[in-house]
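Worksheet: one structure, shown below.
Note that the structure is predicted; figures quoted are calculated from it, not measured.
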Amino acid sequence: MVEYDNGNILLGTNSGLYCYNPKTSEINLLFTELADKICRKMLRDSKGRIWIGTFHHGLYCIENGRLFKCNLKIKHQKSTSTRLIRCLFEDSKGNIWIGIYGGLCSFNPINHNMEFVSDKHIKIKKFTSPSVVTEDKEGRLIVGDDNGLYYYYPDKEKVWVPEIDAPHDERFHHTNNKYNCIYCDSRGMTWFGTHNGLNILEVENNTLRKMKAHSYGISNNIIMCIFEDQNHDIWLSTTNGLNKIVVKKEKGEYHYSINSFNSNDGLMKGEYYPSSGFKAWDGTLYFGGINGFSTFLPENIIYNYCDNYPFFTSLKIFYANITPSTTYNGRQLLNHNLNNTPSIELQHDENYITLEFAGLNYVNPSKTYYKYKLEGIDTQWQEVKSSDGIGKVTYSGLGPGKYVFQVYTANSDHFWGKQNSKLTFIIKEPYWNTIAARLCYVLIIISISTYVIYHINKKNKLKLLKTRQLEQQKQKEELDQMKFRFFTNISHEFRTPLTLIITPLSVIINESENENLKGKLMSIYNNAQKLLALVNQLLDFRKLEVKGEKINLGYGEISDFIYQCCTSFQPIMTEKSISFKIDLPKYPIYMYFDQDKIYKVMNNLLSNAYKFTPEYGEISIQLSEGEENFLFIKISDTGIGISEENLPHIFDRFYQISSKQCENTGSGIGLHLAKEYINLLHGKIEVTSIANRGTTFTICLPTNLHPQEKMAAKEDVQENNENDSSSISPNKPIILLVEDNTEFRNFLKEELNKWYQVIEAKEGLEGEKIAIERDPNLIISDVMMPIMNGIELCKRLKNNIQTSHIPIILLTARISDEDKMTGYEAGADSYLSKPFNFDILLTRIRKLIEQQENRKATFHRSIEVSPSSITITSLDEKLVQKALHCVEENMENPEYSVEKLAADIGMTRMSLYRKLQSITGQTPTEFIRSIRLKRAAQLLQNYQLSIVEITDMVGFNTPRYFTKCFKETFGILPSEYSNAHRKK
């Protein structure tokens with residue numbers, strides 16, 4: 001901005017040069033030549049010429065009402081740098097200085113020549129982006145650059161760079177070296193506006209004062225423009241407002257009073273531009289920004305000189321609000337209003353104090369100022385600005401003593417009130433530091449000495465008692481271990497009969513079309529499942545005792561899961577006329593939890609509630625979220641309850657309550673199992689009960705559990721099992737079924753006969769003999785059998801070269817990880833626990849046979865044979881390697897026959913025939929010919945040989961027979977095969 005003719009103001013914008021008439025407030029475009037130019041800087045020199053610096057379009061001049069462009073000339077510099085004008089300045093001697101990208105230049109307005117100052121002074125070479133130039137009273141040019149600051153003496157041709165010439169001068173140690181504006185006022189003080197605060201160089205005491213927004217109340221740390229008005233007050237613009245600074249000197253020191261203004265005071269909204277300001281001849285100030293400009297005459301501003309008095313509005317001790325109507329720690333601290341209370345007495349631990357106060361600034365509450373001091377803590381007055389009119393201060397850790405808090409307030413125009421408010425705090429000594437407390441210390445020492453003597457005398461008695469208790473505990477543990485072994489063994493014996501009940505039943509139910517019969521069968525099936533659940537509970541109990549149980553967390557909605565657990569009990573509750581209420585939150589609760597263990601816990605507690613609640617009683621389930629990431633599940637009933645003497649032992653293992661009202665008191669395992677599961681999940685389970693009135697179990701579960709590591713992906717047992725006859729070869733694969741239980745063997749045979757040809761064996765020794773004779777496609781064997789068990793059978797078959805290729809599935813009632821590892825170490829290809837899902841068994845059989853066929857197909861497709869890719873055991877791999885070696889050694893011998901191959905390998909012709917047929921799907925003759933043809937294909941690919949040469953190299957008698965066999969195998973003639981691969 002500069003002043004134009006007739007008091008008008010020229011405005012440089014991003015879209016040209018405009019003229020503003022202060023009298024009519026009209027704004028018009030002045031020169032159409034500048035309509036699309038960014039007019040960045042302007043200067044009116046002492047001769048009335050107006051210089052206009054643009055961004056990317058160089059320098060223009062207005063002289064005698066005419067506009068012309070200056071053809072700037074500069075040595076050793078690209079022409080583009082003269083088009084980027086960063087600053088313009090005329091010194092007191094009429095010299096014009098221009099800042100461009102590259103540095104500060106002197107400018108000749110006659111011939112438009114320019115010369116870099118840095119050409120004469122190498123140490124300012126780095127200052128390539130000057131943003132502002134001004135002149136102080138000594139005639140020095142002060143140049144502010146994006147990279148720092150330096151002084152230039154034009155008359156002496158001398159430069160002074162503070163960071164080089166005075167590196168230890170604290171006045172020029174700034175946190176930001178980017179200067180937006182520099183102003184020298186009438187007092188001789190220099191004001192530096194940077195990107196990180198305001199710096200004031202006080203010449204008289206030769207010090208630099210650094211002002212930050214949070215400390216002095218400036219509207220922002222990015223200072224854009226600085227001017228002095230006719231009252232010698234300083235005005236500066238920032239990115240979000242204007243600030244007036246009143247400078248006063250008292251006793252040789254300068255004091256600054258700052259008042260900020262923003263859009264609420266009638267100013268332009270938005271950010272102000274750097275160095276975009278102007279002071280008119282009549283003292284009117286102009287500040288330009290992104291949304292226009294703000295203009296005002298400082299003398300016309302009406303200030304608020306209201307004398308405000310601060311009032312205390314709130315007192316808090318440790319965040320507790322203190323009022324005359326409230327008590328704190330059982331005492332009433334205030335008898336009157338806070339402003340009518342001269343002093344407050346507090347205990348030593350009531351030393352965290354928060355005070356709030358108001359200045360009653362109704363004109364502009366967002367610009368209310370306070371200064372306060374707590375005598376005994378603060379050495380100086382602390383000044384703050386409130387954005388909502390309320391002042392707040394907190395003191396913590398105050399020691400015993402007397403403290404006086406004083407506060408003053410200033411209104412929106414920073415006019416301080418003459419009267420302050422005071423409040424005295426007296427903090428008493430702690431009780432443990434009084435004379436009475438010290439006497440107590442002596443008595444305590446005497447008491448401790450007496451207790452130690454008494455304790456030594458009692459120690460031997462306690463030691464003897466502890467020995468007796470350990471003996472009793474040992475006996476109890478031995479008895480428990482006997483129970484564990486019994487439960488585990490009997491549970492394993494139950495699983496095989498249960499398999500004969502559950503597995504055939506599931507098949508019959510699926511096939512039955514008689515709904516009446518299906519309903520009866522479902523009743524049998526459900527009770528068998530309940531029996532299986534009891535057996536599994538015993539095994540789970542054993543696993544817990546040996547620390548083998550682990551949690552398996554999954555993410556899900558627990559409310560719906562609890563509801564599903566409860567609804568399965570609804571039919572039996574209705575039969576007994578029990579009111580069954582389920583109270584769940586109306587919103588979903590997602591968390592990590594172990595579904596299996598929560599289901600078992602809920603099933604156990606609901607079963608107990610049902611068992612001990614009489615007809616027409618009530619059972620309720622309530623789910624709620626608590627504080628600190630916990631979930632609560634309450635199961636309440638109106639049953640017979642638990643007596644006080646039994647309540648502490650209710651979760652002990654094998655503990656049973658003798659009840660006349662209910663003979664079926666259980667085994668003493670269920671509740672102990674529930675408690676252990678909840679403990680595994682880092683939760684708690686508690687019980688409250690009143691005899692003959694009811695019982696309530698409360699489960700507390702953490703909602704912030706997370707799995708420690710990603711669980712291994714489980715086997716997908718839901719694979720498509722629609723194994724219709726079209727998915728099996730017309731020649732049914734042979735399955736050998738080895739099972740000592742006649743009923744179970746007959747059941748499996750009947751079901752498998754639909755898809756496979758099944759042969760049987762009653763025990764392992766017979767199964768081994770049949771496997772060697774019949775060479776089945778797959779073997780299914782039980783583990784526990786007389787004469788030879790399934791593990792031994794698996795080992796022997798896998799170590800026999802005649803049967804090592806046959807896949808084996810083991811069926812067993814043993815479900816522990818150790819048992820599974822034993823089976824797999826014996827060479828089993830799959831291991832299924834009884835009772836099992838028949839569809840899963842079918843899927844496993846189909847997949848193992850498919851894998852065997854895929855290995856055969858791999859052998860046929862590939863011209864390079866890898867034994868490991870077509871075998872499943874190391875024994876088979878060694879056999880194929882040996883066969884390949886024998887054929888390779890005799891590749892050129894057309895007389896090499898099956899008998900010689902069998903002799904070289906060490907097998908009979910029939911054994912070799914069955915083995916190669918099982919592994920590769922080929923007879924020995926086809927195997928030898930296949931290897932010769934694969935070698936021929938390799939030679940055709942990699943070497944330029946004739947058909948006759950290749951025929952001799954791979955052991956064929958005539959080229960004609962070789963060509964015939966090659967075409968049957970690969971579908972094309974050898975010559976075509978060779979040409980096709982040579983093109984590739």
Next on the checklist: Contact between N746 and E750 at the side-chain level, heavy atoms closer than 4.5 Å - yes or no?
Outcome noted: no

Item to check | With Y599 via ring pair (Phe, Tyr, Trp, His ring centres under 6.0 Å) - residues at least two apart | outcome: none

Next on the checklist: So which atom in N957 and which in P894 form the shortest heavy-atom distance, rounded to 0.1 Å?
Outcome noted: OD1-CB, 3.2 Å

Checklist outcome for this item: Hits for side chain to side chain donor-acceptor pair (under 3.5 Å) against K964, two or more places apart or cross-chain, chain-then-number order -> E968

Next on the checklist: Walk me through whether E739 and L748 qualify under side-chain contact (heavy atoms from CB on, under 4.5 Å).
Outcome noted: CA-CA 10 Å; E739 170 64 61; L748 286 179; 5.5 Å; no

Item to check | Exceeds 12 heavy-atom contacts within 6.0 angstrom, atom NZ of K762 | outcome: no

Item to check | Pairwise salt bridge (charged side-chain N to carboxylate O under 4.0 Å, His left out) hits with a residue in residues 892-905, at least two apart | outcome: E899-R909

Checklist entry - Do side-chain atoms of R745 reach the backbone of V738 as a donor and acceptor pair under 3.5 angstrom? => result no

Item to check | Inter-residue atom distance N741.CG - D782.CG, 0.5 Å rounding | outcome: 8.0 Å

Checklist entry - Quick one: does L752's side chain get under 4.5 Å of L842's, heavy atoms only? => result yes

Checklist outcome for this item: Residues at least two apart in sequence or cross-chain that pass side chain to side chain contact (heavy atoms under 4.5 Å, CB included) with L517, listed by chain then number, are S512, N514, L521

Checklist outcome for this item: CG (L884) and CD1 (I931) are apart, to the nearest 0.5 Å, by 5.0 Å

Next on the checklist: Nearest 0.5 angstrom please: C794 SG to R796 CZ, how far?
Outcome noted: 12.5 Å

Item to check | Side-chain heavy atoms of I845 within contact of I780, under 4.5 Å | outcome: yes

Item to check | Backbone of Q757 reached by a side-chain donor or acceptor of K732 within 3.5 Å | outcome: no

Checklist entry - Can you find a pair of side-chain heavy atoms, one from L810 and one from I791, that are under 4.5 Å apart? => result yes

Checklist entry - Considering the options K798, K847, R844, which one meets the side chain to side chain donor-acceptor pair (under 3.5 Å) requirement together with D829? => result K798

Checklist entry - Can you tell me how far the OH atom of Y977 sits from the OG1 atom of T969, to the nearest 0.5 Å? => result 11.0 Å

Checklist entry - For Y896, which residues count as a ring pair (Phe, Tyr, Trp, His ring centres under 6.0 Å) partner, sequence neighbours excluded? => result none

Checklist entry - Could you give the distance from OG1 (T742) to CD (E760), rounded to the nearest 0.5 Å? => result 9.0 Å

Item to check | Side-chain touch I947/F962, heavy atoms, less than 4.5 angstrom | outcome: yes

Next on the checklist: What I'd like to find out is whether the side chain of V954 reaches to under 4.5 Å of the side chain of L933, using heavy atoms alone.
Outcome noted: no

Checklist entry - How far does CG of N789 sit from CD of E792, to the nearest 0.5 angstrom? => result 6.5 Å

Checklist entry - Does N527 reach the main-chain N or O of S523 with its side chain, forming a donor-acceptor pair under 3.5 Å? => result yes

Item to check | Salt-bridge contact D652-K675 (side-chain N to carboxylate O under 4.0 Å) | outcome: no

Checklist entry - Can you name the residues that form a side chain to side chain contact (heavy atoms under 4.5 Å, CB included) with A528, not counting sequence neighbours? => result I501, I502

Item to check | Beyond-backbone contact of L505 with I524, side-chain heavy atoms, under 4.5 angstrom | outcome: yes

